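Worksheet: one structure, shown below.
Numbered from 1 within each chain, the chains take letters A, B, ... in sequence-line order. What you see below is based on every heavy atom in this structure, not just the backbone, and it leaves out hydrogens, waters and symmetry mates. Remember, it's a predicted structure, so these values are computed and weren't measured experimentally.
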Amino acid sequence: MSTAKVEKARFADDAIRELGWWKAHRFLLLRRASQLGLLALFAIGPLWGLWLLKGNLSSSLLLDTIPMADPLVTLQLLTSGHVPEASLLIGAAIIGLFYALMGGRVFCSWVCPVNMVTDLAAYLRRRFALPRTPELPRQLRYFMLALVLLLPVLTGVAAWEWLNPVPVLYRAVLFGAGAGLGLLVAIFLADLLIVERMWCSHLCPSGALFALLGKLSPVKMTAVNAKDCNNCMDCFVVCPERQVLKPALKGQSPIITDSDCTQCGRCIDVCAKRVFQYKNRFTFQDNPLQKSPRIAKKAENEQ
Amino acid sequence: MARQESKTQGINRRQFLATTARLSCAVALAGGGIAAVASSQQLGPQAIRPPGALAEQDFLSACVRCGLCVEACPYDTLKLARWFEEAPTGTPWFEARKVPCEMCDDIPCIKACPSGALEQELTDIDQAKMGIAVLIDEKNCLNFKGLRCDVCYRVCPLIDNAITLERSRNERSGHHAMFIPVVNPDTCTGCGKCEHACVLDEAAIKVLPPHIAMGKTADHDTYIDTENTTLDMLNKGFEL
Ligand code: SF4
Ligand code: SF4
Ligand code: SF4
Ligand code: SF4
Ligand code: SF4
């Protein structure tokens, strides 16, 4: 990403000066706490026998009563022709409903451990100003999703689970299956050296499914103060799905409707002008039109 | 991409179709690779599934690899396979020689399984078929040498049922008896306690998955059920 045109020293300096370091990293820190905290909740079971959560992200049991299950792996079982126990279906429905309400890819930024790996790669890219590389088409992930659901039909086994890095990382931590960590190194290197945000923003079928689940979610990131935008482009630098910002900053509605948005809140963090806020899209009607044509221009160039 | 202004729509539709075609090809290739690797992952000859596990192919389409069975097992028998171990990644298995199944009466591993990969219908652990013990090395088995080791026999939870000691004449000394451990494949649960306990450096008795341990007669072979076949022949007036 070229920040060369922007006349200022460092990325997000304005925000840190304006809001203070802590506030300019608020959602980043909260997200890390959430991602690591959940992993810890799973891990204290096998480590110390504190069984609040059993299992892993693929399927788990909360307090020995509430089942939860990953919708993607559950769909794979169904397309393979296997009819699972009711508890798995209920678990998948609970998780599906949760993310439909909370904003689908909130899973990606607040729960998924792979996000920490790919964020690290993105941070290093930014830090060392690595050159932007050719983009992959972003719809690739929906093809991946289709593939993942088609493979069980063709092979009869949930083939994707052999490779899926999301449970691989969890299993590595919880069940000592360390070899899978090589896969995460591969993702890290691909993100760092081949294509910016290669895994999460282009390939991951879990992210694709959660994006679909979050289509109708009431919780949305919103450019409430788009009129204050000073065109610093910091949000574009930090956003893992920067294509979602453009319509909100220049369009009819300041709500980021694109469900690719991971609801990570980094755009809130890095914006000195406090442009962004989480909003309930159905109660948020007061600022219907805040065009900011300068952003539109800039965004167009950056895309 | 697809979401651009109308003046370039013609080009975009063509681009869109081209991209779609390219993506489909790329993804199909990737899919072929994943499917090939994933289905090349096979259960090793001594990798034993938990009690109640479906037949391997069905098991692989059912198990979500959550590890709930592993966490439920009080004896740390089960583990989730790592990459390139004896079982497909993330699925539960055990090595009898290391930690056998203790055949819990309440079968907590099955109760924990949310996917049906372990059959809830199995409620009597004595009916489990995790594998079948085979006395695979008669050369080194101490009982075959005329000693009274009997360890495998004595640790079996189904002693005198799944495994018995059959007495026979010791031809080597000419005037001693040999007590030969014999496994009854119909009642052996495959728990692996015998393999675990075998005193040799390498166990002479090994638990194998049923599909390896058992032969299979051809469907047309009449001697599968000799009694009825004979009766049939007699009823039809078989001439002697
Ligand atoms: S895109 Fe996939 S790997 Fe990335 S954060 Fe989302 S679920 Fe995790
Ligand atoms: S728009 Fe904001 S909340 Fe959404 S992904 Fe980008 S930085 Fe995160
Ligand atoms: S029956 Fe008991 S010991 Fe055997 S695998 Fe299940 S939980 Fe473990
Ligand atoms: S509990 Fe069932 S679904 Fe989960 S890992 Fe064990 S066998 Fe597989
Ligand atoms: S595996 Fe061995 S110990 Fe277990 S039931 Fe069979 S013969 Fe007995």
Side-chain angles (χ1 to χ4, degrees), chain A residues 45-46 51 54-61 67 69-70 73-74 76-77 80-88 90-91 137-140 142-144 146-148 150-152 154-164 167-168 170-172 174-180 182-183 243 247 303, chain B residues 1-5 15-16 19-20 22-41 54 56-72 76 78-85 88-92 112-120:
Chain A
W51 294 108
K54 281 185 182 163
N56 59 27
L57 287 184
S58 300
S59 177
S60 57
L61 206 53
D70 173 23
V73 70
T74 309
Q76 285 179 73
L77 296 206
S80 80
H82 174 78
V83 182
E85 298 294 318
S87 67
L88 190 80
I90 295 170
R138 291 197 187 245
Q139 66 270 41
L140 188 50
Y142 295 102
F143 284 76
M144 289 288 287
L147 170 80
V148 164
L150 196 65
L151 280 184
L154 301 176
T155 64
V157 300
W160 179 242
E161 293 309 299
W162 180 77
L163 202 61
N164 192 351
V168 159
Y170 254 69
R171 283 200 299 266
L174 301 178
F175 299 93
L183 180 62
Q243 78 281 8
Q303 281 292 296
Chain B
M1 277 183 303
R3 221 189 346 252
Q4 256 157 26
E5 311 309 330
Q15 268 175 350
F16 176 77
T19 317
T20 306
R22 267 205 300 274
L23 290 187
S24 311
C25 292
V27 167
L29 272 177
I34 296 168
V37 187
S39 37
S40 75
Q41 288 252 293
L54 302 176
E56 186 58 16
Q57 186 73 13
D58 297 334
F59 184 84
L60 287 179
S61 68
C63 173
V64 294
R65 314 176 188 213
C66 61
L68 282 166
C69 53
V70 176
E71 292 182 341
D76 290 336
L78 303 177
K79 50 191 181 168
L80 288 189
R82 304 153 183 226
W83 266 9
F84 307 113
E85 269 188 340
T89 328
T91 57
C113 178
S115 71
L118 307 181
E119 261 176 311
Q120 303 285 333

**Study point:** Proximity breakdown for L77(A) and chain B, heavy-atom pairs closer than 4.5 Å
**Key:** both
Review point. Would you say P114(B) and C66(B) make side-chain contact, with heavy atoms under 4.5 Å?
Key: yes
**Study point:** Check: P92(B) and C63(B) side chains under 4.5 Å, non-hydrogen atoms
**Key:** yes
Check your understanding: Any sub-3.5 Å donor-acceptor pair from N56(A)'s side-chain atoms to R65(B)'s backbone N or O?
Key -> yes
Check your understanding: Nearest heavy-atom pair of C113(B) and Q120(B): which atoms, and what distance?
Key ->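 Minimum heavy-atom separation between C113(B) and Q120(B): O-NE2, 3.1 Å.
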Study note, to complete from the structure: When the 4.5 angstrom heavy-atom criterion is applied to C69(B) and chain A, the contacting part is neither
Review point. In terms of heavy-atom pairs under 4.5 Å, which option from S80(A), S58(A), G55(A), P84(A) contacts chain B the most?
Key: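 If we count pairs closer than 4.5 Å to chain B, G55(A) comes out on top.
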Exercise for review: Mind ranking S115(B), A117(B), G67(B) by heavy-atom pairs under 4.5 Å with chain A and telling me who comes out on top?
Suggested key: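 If we count pairs closer than 4.5 Å to chain A, S115(B) comes out on top.
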